[in-house]
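Notes follow once the structure below has been shown.
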Amino acid sequence: MLARRLVQLYLGLALYGFSMALQIRATLGLAPWDVLNQGVVRHVSLSYGTVTMIIGAAVLLLWIPLRQRPGLGTISNVFVIGLSVDAGLALVPDGRGLPLRLLLLAAGVVLNAVAGGLYIGARFGPGPRDGLMTGFSRRTGRSIRLVRTVIEVTVLAVGWLLGGQVGIGTVVYAFGIGPLVQVFLRLLTVPDRSRDRVVAVSPAAAPERAAAG
């Protein structure tokens, strides 16, 4: 069971980064955290994956005052996604023509949801951005939905001001990722044998990105 969980964790994280690369190559708009990543990339001489790792690590530092405890999946999230998104960008060229760009966008969103189901369902801890959301919710007493909305709108606005791309892909991701992740979590969550049940994972804690997050 442990071996399956580890394989599922790292496969999910690698696929998550690759799905991000597909959405970037579609050039139709990105998820909020990816808009921030892209905005920062426009102002520094670093790769997209490196910026993703730096922002992920910075978000993880915010866990300290929130008294959140990272797991293996949390730490792995920071590095594996950053490396895999750079690999994906090296392999996938920019989409040419609207039909291909729409296909890249659709594939990116669906694979992102599959990846979320894989790595969250492996039960090795949330990603840095997911933990930030749940930590703020717990400390403030506000709903996860409200906290997630405030965080993602703020991140989206900052990323857009820095030059990150907002478009139809941003809208598709915002409305599509939650229901899709919920479906794949039901299929891919590893049973918790110690409790003789399947661990229930809230769809509200699905990756933002991402980031990442």
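For the single chain, residues carry numbers from 1 onward in sequence order.
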Atom OG1 in T170, atom CG in L28: separation rounded to 0.5 Å? 9.5 Å
Shared ILVMFWY cluster between V40 and L46, side chains joined below 4.5 angstrom? yes
Residue pair V190 / A122: nearest heavy atoms and the distance that separates them: CG2-CA, 4.2 Å
I need the full list of side chain to side chain donor-acceptor pair (under 3.5 Å) pairs touching residues 98-107, with sequence neighbours left out, sorted by first then second residue. T27-R101
Is L100 linked to F18 within one hydrophobic cluster, defined over Ile, Leu, Val, Met, Phe, Trp and Tyr using a side-chain heavy-atom separation of less than 4.5 Å? yes
Sequence neighbours excluded - side chain to side chain donor-acceptor pair (under 3.5 Å) pairs with any residue from residues 59-73: Q68-T134, Q68-R138
I need the single residue from V110, V92, L105, V109 that forms a side-chain contact (heavy atoms from CB on, under 4.5 Å) with L22. Which is it? V92
Would you check if V35 and V155 make a side-chain contact, meaning some heavy-atom pair closer than 4.5 Å? no
Looking at F124, is R5 sitting on its ring face, NZ or CZ under 6.0 Å from the six-membered ring centre and within 45 degrees of the normal? yes
Taking every heavy atom of L188 against every heavy atom of G117, the minimum-distance pair comes out as CB-O, 3.7 Å
Enclosure of I168 CD1 (heavy-atom neighbours >12, cutoff 6.0 Å): no
Return yes when atom CZ of R139 has more than 12 non-hydrogen atoms of other residues, nucleotides or ligands closer than 6.0 Å, and no otherwise. yes
Does a side-chain heavy-atom distance below 4.5 Å link T189 with I120? no
Is it the case that the side chain of Q8 and the backbone of L118 share a donor-acceptor pair, with hydrogens and angles ignored and the cut-off at 3.5 Å? yes
Using a 4.5 Å cut-off on heavy atoms from C-beta on, say whether the side chain of M133 contacts that of I144. yes
If you measure from CD1 on I81 to CG on L15, what distance do you get to the nearest 0.5 Å? 10.0 Å
Please report the closest heavy-atom contact between S84 and G17, naming both atoms and the distance. OG-CA, 3.1 Å
For A115 and G12 the tightest heavy-atom approach is CB-O, 3.2 Å
To check you understand the geometry: which heavy-atom pair defines the closest contact between M20 and N112, and what is its length? CG-ND2, 4.3 Å
For the backbone of Q165 and the side chain of Q38, can you confirm whether one donor and one acceptor N or O come within less than 3.5 Å of each other? yes
Between the main-chain N or O of G49 and the side-chain N or O of D86, is there a donor-acceptor pair closer than 3.5 Å? yes
Measure the spacing between CD1 of I24 and CG of L89 and express it to the nearest 0.5 Å. 4.5 Å
In the single-linkage hydrophobic clustering (I, L, V, M, F, W, Y; side-chain heavy atoms under 4.5 Å), do L187 and L111 co-cluster? yes
Linking I/L/V/M/F/W/Y whenever their side-chain heavy atoms sit closer than 4.5 Å, directly or via other members, would L30 and L161 fall into one cluster? yes
Nearest heavy-atom pair of G108 and S19: which atoms, and what distance? O-CB, 3.4 Å
Are P70 and L60 packed together at the side-chain level, in the sense that at least one heavy-atom pair is separated by less than 4.5 angstrom? yes
Does T154 reach the main-chain N or O of V150 with its side chain, forming a donor-acceptor pair under 3.5 Å? yes
Between the main-chain N or O of P128 and the side-chain N or O of T74, is there a donor-acceptor pair closer than 3.5 Å? no
Answer yes or no: is there a side-chain heavy-atom contact under 4.5 Å between V44 and V51? yes
Measure the shortest side-chain to side-chain distance between D34 and Y48 over non-hydrogen atoms and say whether it is less than 4.5 angstrom. yes
Working to the nearest 0.5 Å, report the span between OH of Y119 and CG of L13. 7.0 Å
Taken to the nearest 0.5 Å, the spacing of L6 CG from L11 CG works out to 12.0 Å
Pairwise side-chain contact, F136 with L66, heavy-atom cut-off 4.5 Å (strictly under): yes
Any donor-acceptor N/O pair, R25 side chain to G95 backbone, under 3.5 Å: no
Give a yes or no on whether L61 and V78 share a hydrophobic cluster (residues Ile, Leu, Val, Met, Phe, Trp, Tyr; joining criterion: side-chain heavy atoms under 4.5 Å apart). no
Output for pair (W160 CH2, L156 CG), nearest 0.5 Å, gives 9.5 Å
Full working for side chain to side chain donor-acceptor pair (under 3.5 Å) between N77 and Y16: CA-CA 9 Å; N77 182 295; Y16 197 95; over 6 Å; no
